[in-house]
J.: 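Following this message is one structure expressed as structure tokens.
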Amino acid sequence: MAKNFTKREENYSQWYNDIVQRADLAENSSVRGCMVIKPYGYSIWENMRDVLDKMFKETGHSNAYFPLFIPKSFLSREAEHVEGFAKECAVVTHYRLKADPETHTVVVDPEAKLEEELIVRPTSETIIWDSYKNWIHSYRDLPLLINQWANVVRWEMRTRLFLRTAEFLWQEGHTAHATSQEAIEESERMMNVYADFVENYMAVPVIKGVKSPNERFAGAVETFCIEALMQDGKALQAGTSHFLGQNFAKAFDVKFLDKDNTLQYVWATSWGVSTRLIGALIMAHSDDNGLVLPPKLAPIQVVIVPIYKSPEQLAQISEAAGKIVAELKEKGISVKYDDDDSNRPGWKFNEYEFKGVPVRLVIGPRDLEEGTVEVTRRDTLEKSTMQIAGIAEKVNNLLDAIQKNLFTKALNYRSEMTTKADTWDEFCDILDNKGGFVLAHWDGTTETEVAIKEKTKATIRAIALDSVPEEGKCILTGKPSHKRVIFARSY
RNA sequence: CGGGGUAUAGCGUAGUCCGGCUAUCGCGCCUGCUUUGGGAGCAGGAGGUCGCAGGUUCAAAUCCUGCUACCCCGACCA
């Protein structure tokens with residue numbers, strides 16, 4: 001069916017790249033490691049952004065915007081933070097170019113050197129907390145609940161479209177609270193918002209948990225995370241929400257007077273998801289025929305393809321299609337009628353399958369006579385014939401069914417790919433031959449976690465919030481452990 | 001940064017070892033006609049500083065030297 005398309009089992013990485021390319025989502029740019037997000041890919045991001053933005057606002061947050069550049073000195077205010085990001089920062093050293101008459105090119109003007117270098121933000125904690133210092137004086141100023149939609153730059157050595165790029169789009173929430181308790185609740189709330197979004201809109205099941213100390217965000221006291229499992233058995237961190245304690249408040253000297261007139265440092269959180277979610281979306285559902293999109297995020301939910309032999313016939317079909325388009329739009333369904341004559345129907349069928357459009361309607365002369373339409377769902381590729389009467393209701397139900405089916409399929413897959421391991425050999429065997437999440441006991445030390453990573457490339461993806469206490473022995477050291485944690489190889 | 005590799009039309013490529021005629025083929029693109037229920041067919045056409053700079057030679061995509069860019073494996077990836 002799909003020509004020249006790599007199958008998942010042949011080469012999973014190549015399959016992923018093929019999908020990104022053939023679905024016209026993004027491409028590599030002239031700047032190493034930076035991608036161009038093309039209109040179709042960007043419209044998926046817009047849909048994600050719109051849903052998340054609404055969720056953030058419903059939980060009391062407001063949007064703001066902070067500078068792209070951060071004075072170099074800010075990075076070093078919080079020791080662990082600079083340690084975490086220093087090795088991947090882009091640095092601005094000059095502010096002017098000049099023409100070089102000899103080479104007819106532009107060169108950096110050596111006289112335009114900045115007093116203090118500027119860092120292109122890898123994340124905005126520092127520049128934001130520098131502002132918060134001026135915004136927060138009293139307990140009445142708290143909580144401060146801000147989000148920003150922005151781009152950030154992390155100079156990654158190896159990049160992959162959407163999954164890891166040198167520049168990416170994301171949102172970062174930064175909140176300030178009067179008490180530790182409140183800040184922890186905020187971190188958990190936002191982790192839950194993320195889980196809600198990823199499960200109910202992206203149709204990707206996630207594990208909610210906390211990171212081990214070793215995997216924590218640089219400068220965080222606790223990192224809450226949602227972890228998803230991809231079709232090749234590797235884990236993907238889909239979103240994180242950090243409880244930052246008073247670390248940044250102390251680094252940027254952000255204090256407030258409480259009701260008892262006592263000066264206190266504020267408590268902080270930060271949380272973010274990025275265009276990496278598009279990578280997760282692709283890998284979670286797509287198949288050997290191309291992209292598969294959950295209806296709730298698909299830029300085009302329904303495509304209608306006419307089949308005709310003459311202009312007169314096309315006119316008749318277009319009239320019937322026009323009515324269907326109007327009915328579907330009435331229900332808030334995004335629909336495209338593709339009567340472009342330069343491509344034949346077969347070409348269009350393949351094209352929209354690559355692009356993951358959830359439902360395809362086909363109307364030809366036969367349907368015109370019988371008042372029917374051929375309906376094909378992208379997730380199962382099942383075809384059926386439906387009466388045009390009441391089509392909007394039926395399509396709407398079908399979109400719901402597809403959304404549910406994608407989630408169920410992904411959830412079943414994750415269940416099959418979640419395995420308990422009680423011995424080291426078992427643990428290694430699962431990682432090498434099966435993949436997926438491995439539930440195993442761990443003695444709780446960073447040394448052991450690092451040793452396991454070195455031996456197997458597997459890391460602790462999460463300590464699940466719903467994990468049940470269970471006595472056991474650490475998979476590597478045999479020391480006592482009170483619950484299982486989730487190991488996996490990851491992106 | 002260490003190891004390996006590649007550079008020829010928008011994309012993918014042949015030719016390079018062993019120098020020689022108008023640089024090969026496919027996809028895509030343009031024009032026309034016929035087509036249209038699963039990636040159409042035919043005919044015609046456009047498109048190249050063979051990565052850059054220098055050298056050897058009657059002659060360089062091909063040989064030599066230098067440079068640049070990119071890819072893969074490692075290192076790195078809170």
Side-chain angles (χ1 to χ4, degrees), chain A residues 1-5 11 13-14 17-18 21-22 27-33 75 78-89 103 122-123 125-126 152-160 163-166 168 172 211-225 236-237 239-242 244 247 270-272 274 276 289-290 303-311 313-314 317 338-355 360-370 372-376 381 383 385 446 453-454 457 459-460 489-491:
Chain A
M1 191 177 289
K3 286 184 195 165
N4 307 321
F5 202 87
N11 184 339
S13 294
Q14 191 57 46
N17 289 335
D18 282 359
Q21 192 200 339
R22 298 295 286 276
E27 63 188 19
N28 283 309
S29 71
S30 301
V31 184
R32 193 198 69 88
L75 261 293
E78 215 286 334
E80 286 180 31
H81 193 67
V82 65
E83 177 74 16
F85 288 105
K87 283 179 283 183
E88 51 187 35
C89 284
T103 60
T123 177
E125 273 78 5
T126 56
V152 288
V153 169
R154 298 179 187 179
W155 214 263
E156 301 287 356
M157 300 301 280
R158 294 190 66 170
T159 58
R160 294 192 66 191
L163 294 174
R164 176 172 291 115
T165 46
F168 55 90
E172 47 182 326
K211 288 290 186 189
S212 65
N214 189 49
E215 294 280 326
R216 250 178 226 151
F217 176 76
V221 175
E222 185 83 276
T223 289
F224 296 91
C225 64
L236 184 89
Q237 179 176 296
T240 49
S241 178
H242 316 290
L244 301 171
N247 292 344
S270 70
W271 28 275
S274 71
R276 175 182 246 203
N289 297 307
V303 65
I304 303 177
V305 178
I307 290 168
Y308 53 92
K309 293 192 192 300
S310 65
Q313 213 163 41
L314 176 60
I317 291 167
D338 188 353
D339 62 349
D340 183 352
D341 193 47
S342 57
N343 292 311
R344 299 167 77 255
W347 188 91
K348 292 176 187 173
F349 296 167
N350 281 287
E351 179 68 8
Y352 291 107
E353 272 164 29
F354 287 147
K355 293 196 162 180
R360 180 180 72 230
L361 305 182
V362 175
I363 311 176
R366 289 203 304 262
D367 299 296
L368 219 49
E369 280 175 24
E370 293 164 26
T372 59
V373 59
E374 184 191 77
V375 181
T376 307
L381 294 175
K383 283 182 190 175
T385 301
T446 296
K453 184 180 178 182
E454 276 171 13
K457 289 185 178 173
T459 51
I460 298 175
R489 293 192 179 133
S490 72
Y491 279 98

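None of these values were measured; they are calculated from a predicted model. Below, read A as the first sequence line, B as the second, and so on, with proteins coming before strands; counting in each chain starts at 1.
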J.: Provide the distance between the two C1' atoms, one in B/C63 and one in B/C58, to the nearest whole Å.
T.: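 Comparing C1' positions in B/C63 and B/C58 gives a spacing of 16 Å.
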J.: Expressed as a whole number of Å, how far does the C1' atom of B/G15 sit from that of B/G20?
T.: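 Pairwise C1' distance, B/G15 against B/G20, rounds to 14 Å.
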J.: In which stems does RNA chain B show up, taking only runs of three or more Watson-Crick or G-U wobble pairs whose two distances fall under 3.5 Å?
T.: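 Only these stems qualify: B:1-7 with B:68-74, B:10-12 with B:25-27, B:29-34 with B:40-45, B:51-55 with B:63-67.
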J.: For the CG atom of A/Leu381 and the CZ atom of A/Arg360, what is their distance to the nearest 0.5 Å?
T.: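 Interatomic distance, A/Leu381 CG to A/Arg360 CZ, rounded to 0.5 Å: 8.0 Å.
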J.: Given B/G39, B/C77, B/G38, which nucleotide is nearest the side-chain atoms of A/Phe354?
T.: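 Comparing B/G39, B/C77, B/G38 against the side chain of A/Phe354, the answer is B/G39.
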J.: So A/Glu83, base contact, sugar-phosphate only, or nothing? Heavy-atom distance under 4.0 Å.
T.: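 Nothing, no nucleic acid heavy atom in range.
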J.: For the C1' atoms, the ones on B/A9 and on B/G28, what distance do you get once it is rounded to whole angstrom?
T.: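 Between the two C1' atoms, the distance is 11 Å.
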J.: Can you sort out the partners of A/Asp367 under salt bridge (charged side-chain N to carboxylate O under 4.0 Å, His left out), two or more places apart, ordered by chain and number?
T.: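 Here no residue qualifies.
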J.: Counting only distance, no hydrogens or angles, is the base of B/G38 paired donor-acceptor with the side chain of A/Lys383 under 3.5 Å?
T.: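 Yes.
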J.: Mind calculating the distance between CG (A/Asp18) and C1' (B/G12) to the nearest angstrom?
T.: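 Going from CG in A/Asp18 over to C1' in B/G12 covers 13 Å.
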J.: Round to a whole Å and report the spacing from NZ of A/Lys453 to P of B/C76.
T.: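 Checked: the NZ to P distance equals 8 Å.
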J.: With A/Leu361, which of A/Val305, A/Val303, A/Val373 fulfils side chain to side chain contact (heavy atoms under 4.5 Å, CB included)?
T.: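 Among the candidates, only A/Val373 passes.
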J.: Could you tell me whether A/Glu80 contacts a base, only the sugar-phosphate backbone, or nothing, with contacts defined as non-hydrogen atoms closer than 4.0 Å?
T.: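 Result for A/Glu80 = nothing.
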J.: Pick the P atom in B/G45 and in B/U24, then give their distance to the nearest Å.
T.: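 It works out to 15 Å between them.
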J.: Can you measure A/Asn289 atom CG to B/G39 atom C1' for me and round it to whole angstrom units?
T.: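 Going from A/Asn289 (CG) to B/G39 (C1'), I get 12 Å.
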J.: B/C77 C1' sits how many Å from A/Arg489 CZ, rounded?
T.: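 A/Arg489 atom CZ is separated from B/C77 atom C1' by 17 Å.
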J.: Considering only B/G37, B/G38, B/G74, which nucleotide approaches the side chain of A/Lys457 most closely?
T.: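 That would be B/G74.
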J.: Between B/C77, B/G39, B/G37, which nucleotide gets closest to the side-chain atoms of A/Lys87?
T.: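 From the listed options, B/C77 comes nearest.
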J.: Rounding to an integer number of Å, can you tell me how far A/Lys355 NZ sits from B/G39 C1'?
T.: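 Taking atom C1' of B/G39 as the reference, NZ of A/Lys355 is at 15 Å.
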J.: Not counting sequence neighbours, which residues clear side-chain contact (heavy atoms from CB on, under 4.5 Å) with A/Val82? List them please.
T.: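 Expected list: A/Leu75, A/Ala86.
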J.: Hey, is the main chain of A/Lys309 close enough, under 3.5 Å, to the side chain of A/Gln313 for a donor-acceptor pair?
T.: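 Confirmed, A/Gln313 side chain pairs with A/Lys309 backbone.
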J.: Under the criterion side-chain contact (heavy atoms from CB on, under 4.5 Å), I'd like the reasoning laid out for A/Arg160 against A/Asn17: C-alpha separation, chi angles, the key distance, then a yes or no.
T.: CA-CA 9 Å; A/Arg160 294 192 66 191; A/Asn17 289 335; 4.3 Å; yes
J.: Base, sugar-phosphate, or nothing: which does A/Arg160 touch, judged by heavy atoms less than 4.0 Å apart?
T.: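 Answer is nothing: A/Arg160 stays at 4.0 Å or more from every strand.
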J.: Taking only residues two or more places apart in sequence, or in another chain, which ones meet A/Gln14 in a side-chain hydrogen bond (donor to acceptor under 3.5 Å, both in side chains)?
T.: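 Testing A/Gln14 for side-chain hydrogen bond (donor to acceptor under 3.5 Å, both in side chains), a comparison that skips the adjacent residues, returns A/Asp18.
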J.: Between B/C52 and B/G10, how far is it from one P atom to the other, in whole Å?
T.: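 Straight-line distance between the two P atoms is 13 Å.
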J.: Could you work out, with ring-ring contact (aromatic ring centres under 6.0 Å, His included) as the rule, every residue matching A/Phe168, not counting sequence neighbours?
T.: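 For A/Phe168, the residues satisfying ring-ring contact (aromatic ring centres under 6.0 Å, His included) (neighbours in sequence not counted) are A/Trp170.
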J.: For A/Asn350 and B/G37, give me the distance from atom CG to atom P, rounded to whole Å.
T.: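 Rounding to the nearest Å, CG of A/Asn350 and P of B/G37 are 12 Å apart.
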J.: Find the distance A/Phe217:CZ to B/C77:C1' and express it as a whole number of Å.
T.: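 Taking atom C1' of B/C77 as the reference, CZ of A/Phe217 is at 15 Å.
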J.: Should A/Lys355 and A/Glu351 count as an ion pair when the cut-off is N to O under 4.0 Å?
T.: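 So A/Lys355 pairs with A/Glu351 through a salt bridge.
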J.: So, A/Lys348 side chain and A/Asp338 main chain: donor-acceptor pair closer than 3.5 Å or not?
T.: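 Confirmed, A/Lys348 side chain pairs with A/Asp338 backbone.
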J.: By nearest heavy atom, map A/Tyr491 and A/Asn28 onto RNA chain B; which one lands nearer the 5' end?
T.: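 First, find each residue's nearest nucleotide; the 5'-ward one identifies A/Asn28.
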J.: Mind checking the P distance from B/C67 to B/U31? Whole angstroms is fine.
T.: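 It works out to 48 Å between them.
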J.: In whole Å, I'd like the distance from the CG atom of A/Asp340 to the P atom of B/A40.
T.: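 Rounded to whole Å, this separation is 13 Å.
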J.: Are the side chain of A/Thr223 and the backbone N or O of A/Phe217 linked by a donor-acceptor pair below 3.5 Å?
T.: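 Pair found, side chain donor or acceptor close to backbone of A/Phe217.
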J.: Roughly how many Å apart are B/G66 and B/A59, using the P atom of each and rounding to a whole number?
T.: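 Those two atoms are separated by 23 Å.
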J.: When all nucleic acid strands are considered with a 4.0 Å heavy-atom cut-off, which category describes A/Pro122: base, sugar-phosphate, or nothing?
T.: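 The answer is nothing, as A/Pro122 stays clear of every strand by at least 4.0 Å.
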J.: Looking only at N and O atoms, is any donor in the side chain of A/Arg22 or the base of B/G39 less than 3.5 Å from an acceptor on the other one?
T.: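 Answer is yes: a donor-acceptor pair is held.
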J.: What does the list of N/O pairs under 3.5 Å between the protein and nucleotides 31-36 of chain B look like, with a distance for each?
T.:
{"residue": "B/U36", "atom": "O2'", "partner": "A/Tyr308", "partner atom": "O", "Å": "3.4"}

J.: Let's see if you can work this out: which of B/G37, B/G39, B/G38 has an atom nearest to the side-chain heavy atoms of A/Thr376?
T.: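 Among B/G37, B/G39, B/G38, the one nearest the side chain of A/Thr376 is B/G38.
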J.: Rounding to the closest angstrom, what is the interatomic distance between B/G37 and B/C33 at atom C1'?
T.: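 Rounded to whole Å, the distance is 23 Å.
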